[in-house]
Amino acid sequence: MISRVWAQSNTFMPVEATHFAGQVDSLYSFLLISSMVACLLLIGGMIVLVIKYRRRSADDKTAYITHNTALEFLWSFVPFVIFMLVFVWGWWLYYEQRNFPKDAFEVLVTGQKWNWEFTYKSGKSSSELYVPIGESVKLLMTSRDVIHSFFIPSMRIKQDVIPNRYTSIWFKADKEGEFQVFCTEFCGTGHSQMLSKVIVLSRPEFDRWLEEDPFRGKTMAEVGQALLTTKGCTACHSIDGAKMVGPTFKSLFETPVPLADGSTATADENYLRESILNPGAKIVAGFPAGAMPTFQGQIKDKEILAIIEFIKTLK
Ligand code: CUA
């Protein structure tokens with residue numbers, strides 16, 4: 001059984017799930033503390049001097065000051081050293097993050113409005129990123145539509161995901177559990193629902209998961225329900241009757257559907273299949289045209305049938 005423990009953080013930073021996270025947090029703490037010290041010195045010094053050298057009488061005159069070489073050198077040189085330190089520190093972390101280990105385990109990540117799909121070399125795909133603990137994982141990423149951005153706060157990694165191009169990022173998880181994935185590039189209506197999880201498992205558990213056949217031991221409807229999440233359908237279609245970007249699936253099967261052109265269609269198997277493969281063919285009245293991407297070539301016949309079987313159960 002896969003252990004599903006949400007890793008909780010005790011600090012205001014997300015839980016550190018990779019060695020890299022501690023290094024990023026150290027730099028962040030340094031920036032925070034040095035900024036606070038600088039702020040205190042600057043604002044505190046200003047307040048002290050304003051009080052100390054305030055005008056005391058009508059003929060109080062300020063002394064004629066030209067410059068102070070030692071002071072001017074210090075307030076230029078000390079910040080310069082701190083800025084260079086931050087630059088070299090940041091560059092070093094960036095360099096480490098952009099240098100891919102040769103033996104990394106590769107996973108293809110596809111972003112589309114509005115879900116993430118993770119494809120493994122075995123051909124298996126999933127809506128959640130399963131990875132083995134203690135092994136370098138390289139993500140090869142692309143988008144089917146607009147620019148998205150892949151972000152795992154606990155791994156302290158973030159990288160834009162761009163159509164017609166591959167971008168990469170890597171990490172090595174050193175904590176088992178579940179970690180949140182966000183899209184951090186505004187990509188349309190469903191942006192805030194473009195979520196996923198990283199699930200870090202031991203190598204034997206991971207191997208077991210990788211070999212699992214999603215159809216084995218499950219009914220078609222159960223597989224269909226899982227596919228609605230995997231394929232991102234639930235970002236726009238509810239199964240409980242709530243109105244979202246697209247029509248709900250509740251009580252949909254074999255009911256008349258009013259269309260935008262004034263005609264009516266019946267939501268039978270052929271209608272559902274057509275709506276998955278060619279979403280523009282029949283637009284439901286009251287819903288935007290062109291909101292749904294086609295799933296042509298991205299879904300197997302068996303998967304379409306499984307989804308239809310699940311929709312049939314939503315009475
Ligand atoms: Cu994808 Cu925001």
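All ligand and atom numbering here is 1-based and tracks the order in the structure.
Comment: R144 engages E117 in a salt bridge, judged by a side-chain N to carboxylate O separation of less than 4.0 angstrom. Looking at E269 and K312, a side-chain N of the basic residue comes within less than 4.0 Å of a carboxylate O on the acidic one, giving a salt bridge.
At atom 2 (Cu) of ligand 1, the vertex angle linking SG of C183 with ND1 of H191 is 120° (nearest 10 degrees). The SG atom of C187 and the O atom of E185 subtend an angle of 110° at atom 2 (Cu) of ligand 1, given to the nearest 10 degrees.
A tilted orientation is assigned to the rings of W89 and F30, their planes being inclined by 30° to 60°.
Atom 1 (Cu) of ligand 1 has no N, O or S atom of S149 inside 2.8 Å of it.
For H148, the N/O/S atom at the shortest distance from atom 1 (Cu) of ligand 1 is named ND1.
W209 and Y120 have their aromatic ring centers within a separation under 6.0 angstrom.
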